[in-house]
Amino acid sequence: MVVTAFALGVLARPADAAPAAFVHPGVTVSQGQLDFARSKVNAGAQPWKGAFDAMLASKYADLNRTPKPRAVVECGSYSNPNHGCTDEREDAIAAYTDALAWYITRDERYAKKAIQLMDAWSAVITDHTNSNAPLQTGWAGSSWPRAAEIIKYTYTGSWANSGRFATMLRNVHLPEIINGSKSNGNWELSMMEAAVGISVFLEDKSSYDKAMAKFRTRTAAYVYLDSDGELPKTVPSQNLDSRDEIVNYWQGQSTFVTGLTQETCRDLTHTGYGISAVSHVAETSRIQGLDLYGTDVGERLRQALGFQARYELGTAVPGWLCGGSLKLGLGPVTEVGYNALHNRLGMGMTNTQVLTERNRPAGSNNLFVAWETLTHGDNPS
């Protein structure tokens, strides 16, 4: 119970709140990380040069890309219907891709393309609707501020409509996500990732504090540690009051071991979404002056990565775990957490290391994860 007590103590401290002054660029990737990646690419060093080349060869870096904004993005379950859902997510990833390309190459065409994409959407969109609206907003809202931070704080040209883009994030995206979700944990984790990133761009301390508090509660309820006790932690608002309710919420899994997540027995792809969001928020928080990797957040992230990586690498699934069968497909989600915990803090992460290096260069999951070998691979900054 030491970890839990420590975590609760940290959560109650003012230091866990928004910084006195926000750091920019400061959403998932910092100025120092950008400079490191740029220096490695320019030196032709691997794996960064290969990662950069893969990024530039992707559809997201196409300077002829035509944005496809719409006023109302309607997203049903599993994106059915899909009225603008893929378009918004991929235009947001493209804007981030172009922002990275601008920073590394200093080719203004990429900065202007990122601005074109952001301006196209900020001029039109008014709402997200249907059952998947919160998740859609979380995914797109994670990529938009990453792009905006780099352009606003590193591009030497003008971005006349940056205020309108901020208004879009404040009025269209933030209200849809800031109050969280009672669905599977990857929903709320992605939503809080977006809320934290948007709050940094808007310099909104109140929203940052609210999103971070929800993130801490949800992370503790998403990844199990033996120190949690007999049963996983829960999100109080979900009213999971009995063992049967908790087991049902954990996809029918009744044996709890360190590193298991609430969605492991659903599939590793959705689990990867949750793990990735945890790493992104931890990384943003570190940039903003509070290193959550040294709290239970970091331990849960380390254990979740290692547990999922073991099976992704081919370890036989025991009968007590998910009925002896797992749906694999973790995705390109290990670089940020692995770099922070193994490279910066020196923690042992053998399985995660093997999986990370095997999957390089990490690309995009076409939802909200993109180019993390380039930005975070063995990056000491």
Side-chain angles (χ1 to χ4, degrees), residues 3-4 7 135 138-139 142 180-193 214-235 238 240 243 245-283 292-293 295-313 315 317-318 320-338 340-341 347 349 351-352 355-356 365 367-369:
V3 171
T4 304
L135 185 59
W139 283 341
S142 294
S181 167
K182 295 180 182 179
S183 186
N184 283 301
N186 82 87
W187 277 52
E188 186 162 89
L189 289 167
S190 288
M191 291 162 68
M192 291 310 105
E193 176 189 343
K214 285 187 176 296
F215 166 76
R216 293 294 296 265
T217 299
R218 176 62 72 171
T219 300
Y222 193 69
V223 182
Y224 177 79
L225 297 178
D226 285 344
S227 57
D228 293 336
E230 180 186 354
L231 295 172
K233 292 182 174 296
T234 61
V235 175
Q238 290 189 273
L240 300 175
R243 178 182 177 86
E245 288 176 332
I246 292 172
V247 168
N248 182 63
Y249 185 58
W250 282 62
Q251 322 296 324
Q253 177 68 14
S254 58
T255 301
F256 302 104
V257 297
T258 290
L260 182 79
T261 81
Q262 181 256 317
E263 295 187 274
T264 298
C265 293
R266 180 187 186 187
D267 58 64
L268 295 198
T269 300
H270 286 88
T271 298
Y273 300 164
I275 290 172
S276 181
V278 171
S279 69
H280 291 164
V281 175
E283 196 72 357
L292 294 177
Y293 292 115
T295 72
D296 78 303
V297 171
E299 183 61 8
R300 291 180 195 277
L301 177 59
R302 182 175 79 91
Q303 296 290 354
L305 283 168
F307 187 89
Q308 276 38 240
R310 180 187 319 148
Y311 297 107
E312 192 76 11
L313 290 169
T315 295
V317 182
W320 59 263
L321 176 62
C322 310
S325 177
L326 282 174
K327 296 178 182 177
L328 304 180
L330 191 62
V333 303
T334 63
E335 288 278 17
V336 175
Y338 170 72
L341 296 163
M347 296 181 181
M349 299 179 71
N351 289 323
T352 306
L355 183 62
T356 299
N365 71 353
L367 299 172
F368 70 105
V369 179

Quiz prompt | Under the salt bridge (Lys or Arg N to Asp or Glu O under 4.0 Å) test, residues paired with Arg310 that sit two or more places apart | solution = none
Quiz item: What residues, two or more places apart in sequence or in another chain, satisfy side-chain contact (heavy atoms from CB on, under 4.5 Å) together with Pro232?
Solution: Tyr224, Ile246, Trp250, Phe256
Self-check item: Reported OG-to-CZ distance for the pair Ser254 and Arg243, which is rounded to 0.5 angstrom
Solution: 6.0 Å
Exercise. Using side-chain contact (heavy atoms from CB on, under 4.5 Å) as the criterion, list what pairs up with Gln303, not counting sequence neighbours.
Key: Leu225, Thr258, Glu299
Practice problem: Provide the full list of salt bridge (Lys or Arg N to Asp or Glu O under 4.0 Å) pairs with a residue in residues 246-257, sequence neighbours left out, each pair given once. | Solution: none
Practice problem: Please test Lys214 against Val235 for side-chain contact (heavy atoms from CB on, under 4.5 Å), starting from the C-alpha separation and ending with a verdict. | Solution: CA-CA 9 Å; Lys214 285 187 176 296; Val235 175; over 6 Å; no
Exercise. Sequence neighbours left out, what passes side-chain contact (heavy atoms from CB on, under 4.5 Å) with Glu245? Give chain and number order.
Key: Leu240, Asp241, Ser242
Quiz item: Going by an N to O cut-off under 4.0 Å, is there a salt bridge joining Asp228 and Arg300?
Solution: yes
Quiz item: Passes side-chain contact (heavy atoms from CB on, under 4.5 Å), Gln253 versus Leu321? Steps please.
Solution: CA-CA 7 Å; Gln253 177 68 14; Leu321 176 62; 4.1 Å; yes
Quiz item: Of all heavy-atom pairs between Ala220 and Asp296, which one has the smallest distance, and what is that distance?
Solution: CB-OD2, 4.2 Å
Self-check item: Flag side-chain contact, heavy atom, 4.5 Å: Met192 against Arg218
Solution: no
Practice problem: Would you check if Glu188 and Lys182 make a side-chain contact, meaning some heavy-atom pair closer than 4.5 Å? | Solution: no
Exercise. Check whether any side-chain heavy atom of Ser276 sits under 4.5 Å from a side-chain heavy atom of Phe368, and report yes or no.
Key: yes
Quiz item: Looking at side-chain heavy atoms only, is the closest gap between Thr219 and Leu189 below 4.5 Å?
Solution: yes
Quiz item: With a 4.5 Å limit on heavy-atom distance, are the side chains of Val297 and Phe215 in contact?
Solution: yes
Self-check item: For Thr271, the option from Asp267, Ile275, Thr269 that meets side chain to side chain contact (heavy atoms under 4.5 Å, CB included)
Solution: Ile275
Quiz item: Which pairs pass salt bridge (Lys or Arg N to Asp or Glu O under 4.0 Å) with one or both residues in residues 321-332, sequence neighbours excluded?
Solution: none
Exercise. Give the minimum heavy-atom separation between Ser190 and Ser142, together with the two atoms involved.
Key: O-OG, 3.7 Å
Quiz prompt | Residue pairs passing the salt bridge (Lys or Arg N to Asp or Glu O under 4.0 Å) test where at least one lies in residues 269-283, sequence neighbours excluded | solution = Glu283-Arg286, Glu283-Arg344
Quiz item: Under a 4.5 Å cut-off applied to non-hydrogen side-chain atoms, are Val223 and Gln262 in contact?
Solution: no
Quiz prompt | ring pair (Phe, Tyr, Trp, His ring centres under 6.0 Å) against Phe307, all qualifying residues, sequence neighbours excluded | solution = Tyr311
Practice problem: Report the residues that fulfil side-chain hydrogen bond (donor to acceptor under 3.5 Å, both in side chains) with Thr264, sequence neighbours left out, ordered by chain and then residue number. | Solution: Thr261, Gln308
Quiz item: Are the aromatic ring centres of Trp139 and Tyr273 under 6.0 angstrom apart?
Solution: yes
Exercise. Under the side-chain contact (heavy atoms from CB on, under 4.5 Å) rule, what do Tyr338 and Ser279 come out as? Steps first, then yes or no, please.
Key: CA-CA 9 Å; Tyr338 170 72; Ser279 69; over 6 Å; no
Self-check item: Partners passing side-chain contact (heavy atoms from CB on, under 4.5 Å) against Ala309 (at least two apart in sequence or in another chain)
Solution: Asn351, Thr352, Leu355
Quiz item: Step by step, would you call Met191 with Asn186 a side-chain contact (heavy atoms from CB on, under 4.5 Å)?
Solution: CA-CA 8 Å; Met191 291 162 68; Asn186 82 87; over 6 Å; no
Quiz prompt | ring pair (Phe, Tyr, Trp, His ring centres under 6.0 Å) involving Tyr222 - partner list, sequence neighbours excluded | solution = none
Practice problem: Would you give the length of the straight line joining atom OG of Ser183 to atom CG of Leu135, rounded to the nearest 0.5 angstrom? | Solution: 8.0 Å
Quiz item: Are a donor atom and an acceptor atom from the side chains of His280 and Glu193 found within less than 3.5 Å of each other?
Solution: yes
Self-check item: Those residues that, when tested against Glu312, pass side-chain hydrogen bond (donor to acceptor under 3.5 Å, both in side chains) (two or more places apart)
Solution: none
